[in-house]
Amino acid sequence: MDALTPLIEIKNATVKRGETTVFNNLSLELSQHESVAILGPNGAGKTTLLKLLTRDLYPLWREEPVVRILGQTGGDIWSLRTQLGIISNDLQEQYSPEVVGEQVVLSGFFGSVGVWGHQTVSRDQRLAAKQILDELQIGELANRRYGDLSSGQQRRLILGRALINQPSNLILDEPTTGLDLSATFAYLHTMRELIRSGRTLVLVTHHIHEIPPEVSRVVLLSKGQVWADGPKESILTGERLSTLYGVNVALVESSGWYQAVPAD
């Protein structure tokens, strides 16, 4: 894969969900070497964008393809798993409560939800899964039932599932939703380490506190359109966010982290 090939390339995509037009001629391009946060209120189109990228949804047909992921316009998104890992809440909810942690991670090799009888797991694959579990500091989850785990533990297993293929690019869907403070901080630390290791992260969220200092670009979505796009420092302002969310917002910054608070 050419390093200059865009990670995501969307050109004038129109997407409908039922009778509702969510995107009308949406255009967005993300590179392979720039970590980006895509931020917006509920109803902005974040979920639809994620489903567009996972190919659970398709844009209205046009003669020229309008969505390319790593240069590809079609096919199974999981065929790209050695180059692109997707960590979504939808995927987290698909696993059976009976599957154990090791199987969640191993299923990443096959692009499946769980490991099935027709899939042969090699010794090297088991060793790779153990290494990922240890790196994420969740080795103790290898033999525990998925249904017995906290949301944060499940989320780390889904991350391990993506990392098992050593992809250079990762898409994360609201990664700390439902996590307590300790689990949130642990996950944010892991995200920073992934960026520092050279991986590209695309973070789709409405939580400003989830954006690590290493993320350099922010895209703001509003009503199915790119409302603002640029360097984080110029895009994340109280004035912009007040307009976007329709409430008075002030931003607090500390060591590269941002948090939104009510403005006086």
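Computed over heavy atoms, backbone and side chain alike; hydrogens, waters and symmetry mates excluded.
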Joint cluster assignment, [X] & [Y], ILVMFWY side-chain distance < 4.5 Å:
X	Y	result
Phe109	Val115	yes
Val247	Tyr258	yes
Val100	Leu106	no
Tyr58	Leu80	no

Rounded to the nearest 0.5 Å, what's the gap from [atom1] on [X] to [atom2] on [Y]? Could you check?
X	Y	atom1	atom2	value
Ser242	Asn248	OG	CG	5.5 Å
Leu159	Leu194	CG	CG	6.0 Å
Leu241	Leu236	CG	CG	6.0 Å
Ser197	Arg199	OG	CZ	4.5 Å
Ile132	Ile138	CD1	CD1	9.5 Å
Ile208	Leu251	CD1	CG	5.5 Å

So do the side chains of [X] and [Y] get within less than 4.5 Å of each other, counting heavy atoms only?
X	Y	value
Leu188	Trp257	yes
Asp134	Lys130	yes
Leu170	Thr200	no
Leu39	Ile235	no
Ser107	Ser112	yes
Pro175	Leu203	yes
Pro167	Leu84	no
Val202	Asn169	no

Check for a donor-acceptor pair, side chain of [X] on one end and backbone N or O of [Y] on the other, with a separation under 3.5 Å.
X	Y	answer
Glu102	Val105	no
Trp116	Val113	yes
Asn165	Gly108	yes
Lys232	Pro213	yes
Lys46	Gly40	yes
Arg240	Ser234	yes

Trace of the side chain to side chain contact (heavy atoms under 4.5 Å, CB included) decision for Leu244 with Val249: CA-CA 10 Å; Leu244 179 64; Val249 175; over 6 Å; no
Side chains of [X] and [Y] only: does a donor on one sit below 3.5 Å from an acceptor on the other?
X	Y	result
Arg156	Thr190	yes
Glu174	His207	no
Asp124	Ser122	no
Glu210	Thr176	yes
Thr21	Lys16	yes
Arg192	Tyr187	no
Gln103	Arg161	no

Could you check whether atom [atom1] of [X] has more than 12 heavy atoms from other residues, nucleotides or ligands sitting under 6.0 Å from it?
X	atom1	answer
Gln137	CD	no
Arg123	CZ	no
Glu239	CD	no
His189	NE2	no

State, to 0.1 Å, how close [X] and [Y] come at their nearest heavy-atom pair, and which atoms those are.
X	Y	value
Ser151	Gly178	CB-O, 4.4 Å
Thr47	Arg17	CG2-NH1, 4.0 Å
Gly85	Ala162	CA-CB, 4.0 Å
Val219	Val36	CG2-CG1, 4.0 Å
Gln32	Thr5	NE2-O, 2.7 Å
Ser31	Glu34	OG-CB, 3.3 Å

_Residues Asn89, Arg155; criterion side chain to side chain contact (heavy atoms under 4.5 Å, CB included); working and verdict_ = CA-CA 8 Å; Asn89 294 321; Arg155 194 79 48 86; 3.7 Å; yes
TODO: Could you walk me through whether Tyr146 and Gln154 pass side chain to side chain contact (heavy atoms under 4.5 Å, CB included), step by step?
DONE: CA-CA 7 Å; Tyr146 190 75; Gln154 291 178 355; 3.6 Å; yes
Would Phe110 and Gln125 satisfy side chain to side chain contact (heavy atoms under 4.5 Å, CB included), going step by step from the backbone distance to the final call? CA-CA 11 Å; Phe110 308 102; Gln125 287 174 329; 4.1 Å; yes
